[in-house]
Amino acid sequence: MDSGEETYKYRYDASLANHIELKWQSKWEEDGTYHAPNPSGPLSDSTGRIDLPKLFIMDMFPYPSGTGLHVGHPLGFIGTDVYARYKRMTGHNVLHTMGYDAFGLPAEEHARQTGQHPRENTNANIKNMRKQLKRLGLGHDPRRSISTTDLDYYKWTQWIFLQLFNSWYDTDLKRARPIKELETKLEDGTITINENELWSSCSPQRKKEIVNSFRLAYLAEAPVNWCPALGTVLANEEVTVDGRSERGNHPVYRRPLKQWMMRITAYADRLLEDLESLDWTEAIKTMQRNWIGKSEGAVINFTAEEANIPVFTTRPDTIFGATYLVLAPEHPLVDALCRTDWPAEADTRWTGGFENPRSAIEAYRAQSNQKSDLDRQENKDKTGVFLGAYAKAPVTGQEIPIFISDYVLMGYGTGAIMAVPGQDERDWEFAEVFGLDIIRTVQPPADWDGKAYVGDGPAINSDFLNGLSIIEAKSAIIRWLEDNNEGSRQTSYKLRDWLFSRQRYWGEPFPIVYDKDGLPNSVPEDMLPVELPELIDWAPRSLDENSDPEPPLGRADDWSTTLLDLGNGPQEYIRELNTMPQWAGSCWYYLRYLDPLNSEEFVSEDIEKYWMSGETGGVDLYVGGVEHAVLHLLYSRFWHKVLFDLGHVSTPEPFQRLFNQGYIQAAAYQDERGMYVDAADVSQVGEKFFYQENEVQRSFGKMGKSLKNSVTPDEMYEEYGADTLRLYEMFMGPLDQDRPWETKSVIGSQRLIQRVWRNLVNEETGEIAVSDNQPEEPLNRLLHKTIASVNNDMKNLRFNTAIARITELNNEITKLESPTPRAVAEPLVLLLAPLTPHIAEELWEKLGYDMSVVYAKFPVANEMLLVEDEVEIPIQINGKVKSKIKVDSNASDAALQEIALADEKIRSLLASSAPKKVIVISGKLVNIVH
RNA sequence: GCCCGGGUGGCGGAAUCGGCAGACGCGGGGGAUUCAAAAUCCCUUUCCCUUAGGGGAGUGCGGGUUCAAGUCCCGCCCCGGGCACCA
């Protein structure tokens, strides 16, 4: 020990910070400081806080990773914590807690790598993460923390699944309704099945099948994304554009399988329209709009000898330019339409040199099946084959050839298009390759380059549409089509129903059993939860692409069949062996936070109403990464709307305000082979960087294991303490922006705390050292200006500038020669309390308060002190500042002008000539035009 | 290709309504303290020219509007993200 440390025994350093932080973290836990009361039930209390305005603030909950946190992870958590603390201090009942998204692929893959059972692995990770987050001083209500893997939690995930299973979407009322009401409508004939089938003459089993086909959760045989390496199927949202799994980057194959689906498409319009009411960034709204992909147009019937071919188009106005049809290669009508022989006029471009259409089609299908999605994307050259057949176009009566081509996708519209090369770039390319006719139906501008023209203009070559604009022509032709029964107005969506089954162990089991007819039945509510059976051999098997998925729950022999009485006596049933996807648990966790101990309901009505109320309703602030733009956030909105329709929640949207925090990036270094080296061991010499004496190249990227540039919170605690880490992360820049981590800059944040501490506490004795003198006028004015700015910044989540203002105030206090006046010290501590809660508590206690600073009142500026008596005003000549004058802040414009022109410096610069014009901005600036 | 963001000192960033560009911090330079160092404190720090006083330039580039532009308008360039054969 050297002498310095003895002199300043109570200097704020890492060891003092750690001491203070651990002390207050235990105290908060003992006192239940962050418990937010409910209006009723076991979490209600007598603090009276329930009468304050509520604020429900949330982070996107993490999955409990086994690798632990790095300093990039808690950025958003700190942001919400600061905001929550500010709101507590301004008189709100704040609900803030943290849960764990512990089912699903990431957790299971991690368990697989470590060779542990997912349950042990998950529980250990949650324990570790709770510890790490507690050390940051986050003010969470621990009573409300849930994990999606808790039996008490997934019981209700299953219950919500049953709500979806037991509902249908009434397209007239545009909302979900109980399935019983559908049965009534089928009975009384208000809803009919189809032309050939009468409900009354259906067998009981057929009736069941029909009802099943209406459910919001339903079984369907559909082409799905089968990932043999992960041993499971995946949702569209989990597959990357180049046809690989988002998790693990394994190949994914399209393949028809019978799976559970969620009828999210029924909600496409509402999911789209209700975006308007949300306080979300345009970027996220745009992503959701694109994903839903609504386009309005028409379905038009083309007639061939063998069948009608409905096509979807957004440009029915161009029908007079439709010179051929194209079907997706897998279109179900292809085989029926296909001729046995080529017509005489078919040239080799059309036939591909094949003997007859059938062999050409088979070859083409085989070829396009081989193409991966990536090939399709990179190589957009048009290919296709003629079917040998023709179809008659409505309106024109023209016979036009029918092709198949992989540029038409089965999954969108009707899987068939009318090709209008004159107005569509893709059709133009195809027409050029195959030598097909091109008819323009919109007059292009004079300087047009000669290819497909997609812009607006008067219709040409279009009979009764000629001269009309696109919009006019569209409505005219749709009217004609509807009048003549040749087509109708139609809206199309890119959004597909949500594939909801996974062939994985670590997920919620379905509350579904199959009867001897193979039809699904819901497990009665009072038998929930359907508990996930313990399996020793739980791991998925990697399979080859031709084998079928093999759900691990099939290995739970004594679980997979069960004897139940579902109303017709005890019978043997087979359980659903798939599990739910990861997104199931995260769809509704915000609702369980509200009422986590309720064993009767997923959330009680009055508690849900209390916390979800608001101008438009929902979570008041939801902070998380942008990567969930179309997955979690879309699924969650969908489930919420179903619960809303069924009367289980009171608001149409779950998350009123969404905020996307940025990522913390860090320098990463690569050696000459391109391998990343440990960033911690790289040293800088001048402009160059060295690792073990070899030069390495610097780049910046998301902090993490793969770039070997992680910095852990523990390292920061050891050197600086949690308050410093919090302060630094909030000071680095605006919360929504990515920013590079610089360990060497962290010291600045520690210095601020250290100076505040020194301004209030004697470093030798540890005693509080403030005076009861009133502050001098200028300091008092600065204090109130600071209070005003910090309030404003806190409200707008602009913590970086709030910290800058506090620093300015503290810098002024540092300059004082006498002890800090208590009247300044106390508000200073309160201003810091949301940002650095531990040191604020300690100082607050030293200032003589028994009650926690957490519920102290945040300072409010005295408006009187915000108005200066005297202001300094810049004087510009031709917009450049040339001089400054001090004037009474109430000086009139005329007086200002006079003083400005009388200013010595200005007079010498103007010399003898008179100014052309003088502009005076009251109380702000004088500009002389010369 | 289309749609969102963004581009300001050596670095992170500030300027909320068109009104003093560079707040605050890091780093750098100088000084005080110290036997010395660390720590701490004070001064300084956009760039260029100038002995000084001072002068000039400046918010990705080029134009424009305005008394006044980082901020508004037009045309580009670059970086990040999203979508992409969706009829």
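Chain letters run A, B, ... following the sequence lines, proteins first, then strands; residues in each count from 1.
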Looking at A:Arg289, does any N or O in its side chain come under 4.0 Å of the phosphate oxygens OP1/OP2 on B:C3?
-> no

Taking atom P in both B:G64 and B:C47, what distance in whole Å separates the two?
-> 30 Å

Describe the nucleic acid contact of A:Asn878 in one word from base, sugar-phosphate, nothing, applying a heavy-atom distance below 4.0 Å.
-> nothing

State which of B:G13, B:G25, B:A15 makes the closest approach to the side chain of A:Arg798.
-> B:A15

Assign A:Asn811 to base, sugar-phosphate, or nothing according to its heavy-atom contacts below 4.0 angstrom with the strands shown.
-> sugar-phosphate

How is A:Gln754 classified with respect to the nucleic acid when contacts are heavy atoms under 4.0 Å: base, sugar-phosphate, or nothing?
-> sugar-phosphate

Please measure how far the C1' atom in B:G58 lies from the corresponding atom in B:U71, and state the result in whole Å.
-> 16 Å

Parallel under 30°, tilted from 30 to 60°, perpendicular over 60°: which one fits the rings of A:Phe430 and A:Phe434?
-> parallel

Nearest to the side chain of A:Asn927, which nucleotide is it out of B:G13, B:C67, B:A23?
-> B:C67

Does a distance-only test, which skips hydrogens and angles, find a donor-acceptor pair under 3.5 Å between the side chain of A:Lys924 and the base of B:C20?
-> no

Contact class for A:Gln737 vs. all strands (heavy atom < 4.0 Å): base, sugar-phosphate, or nothing?
-> sugar-phosphate

So what does A:Asp793 hit on the nucleic acid, given a heavy-atom distance under 4.0 Å: a base, only sugar-phosphate, or nothing?
-> base

With A:Val881 via side chain to side chain contact (heavy atoms under 4.5 Å, CB included) - residues at least two apart | A:Pro874, A:Gln876, A:Lys884

Inter-nucleotide P distance (B:A37, B:A21), Å rounded | 42 Å

Ignoring backbone atoms, establish whether A:Arg755 has a side-chain N or O less than 4.0 Å from OP1 or OP2 of B:C41.
-> yes

Winner on side-chain proximity to A:Tyr412, out of B:A14, B:A87, B:G19, is B:A87

Opposite nucleotide pairing with B:U40, Watson-Crick or G-U, both atom distances under 3.5 Å | B:A32

Phosphate OP1/OP2 of B:C24: any A:Asn800 side-chain N/O under 4.0 Å = no

Result for side-chain hydrogen bond (donor to acceptor under 3.5 Å, both in side chains) between A:Asn810 and one of A:Asn759, A:Thr786, A:Thr820 points to A:Asn759

By the Watson-Crick or G-U definition, both distances under 3.5 Å, B:C83 is matched with B:G1

Paired with B:U71 by Watson-Crick or G-U wobble geometry, both distances under 3.5 Å: which nucleotide is it?
-> none

For B:G19, take OP1 and OP2 only and decide whether either is under 4.0 Å from a side-chain N or O of A:Gln876.
-> no

Mind checking who B:G25 pairs with, Watson-Crick or G-U wobble, both distances under 3.5 Å?
-> B:C11

For A:Arg805, answer base if it contacts any base atom (sugar-phosphate contacts may also be present), sugar-phosphate if it contacts only those atoms, and nothing otherwise; contact means non-hydrogen atoms under 4.0 Å.
-> base

Looking only at side-chain atoms of A:Arg11, point me to the closest of B:U40, B:G19, B:C67.
-> B:U40

Indicate, with a heavy-atom threshold strictly under 4.0 Å, whether A:Lys744 touches base, sugar-phosphate, or nothing.
-> sugar-phosphate

P gap between B:C77 and B:A14, integer Å = 27 Å

Nearest-neighbour nucleotide for the A:Ile919 side chain, B:A57, B:C67, B:U40 considered = B:C67

Looking at B:G12, B:G27, B:C67, which one has an atom nearest to any side-chain atom of A:Pro740?
-> B:G12

Please tell me if the side chains of A:Leu75 and A:Tyr663 come closer than 4.5 Å, counting only heavy atoms from C-beta onward.
-> no

Parallel, tilted or perpendicular: which describes the rings of A:Trp757 and A:Tyr12, with under 30° parallel and over 60° perpendicular?
-> tilted

For B:C4, does either OP1 or OP2 sit under 4.0 Å from a side-chain N or O belonging to A:Thr281?
-> no

Could A:Glu729 and A:Arg739 be called an ion pair, given the rule that one side-chain N must be under 4.0 Å from one carboxylate O?
-> no

B:C72 versus B:G82 - spacing of their C1' atoms, nearest Å | 28 Å

What nucleic acid atoms does A:Ser492 come within less than 4.0 Å of, heavy atoms only: base, sugar-phosphate, or nothing?
-> nothing

Taking OP1 and OP2 of B:G27, is either one under 4.0 Å from a side-chain nitrogen or oxygen of A:Arg751?
-> yes

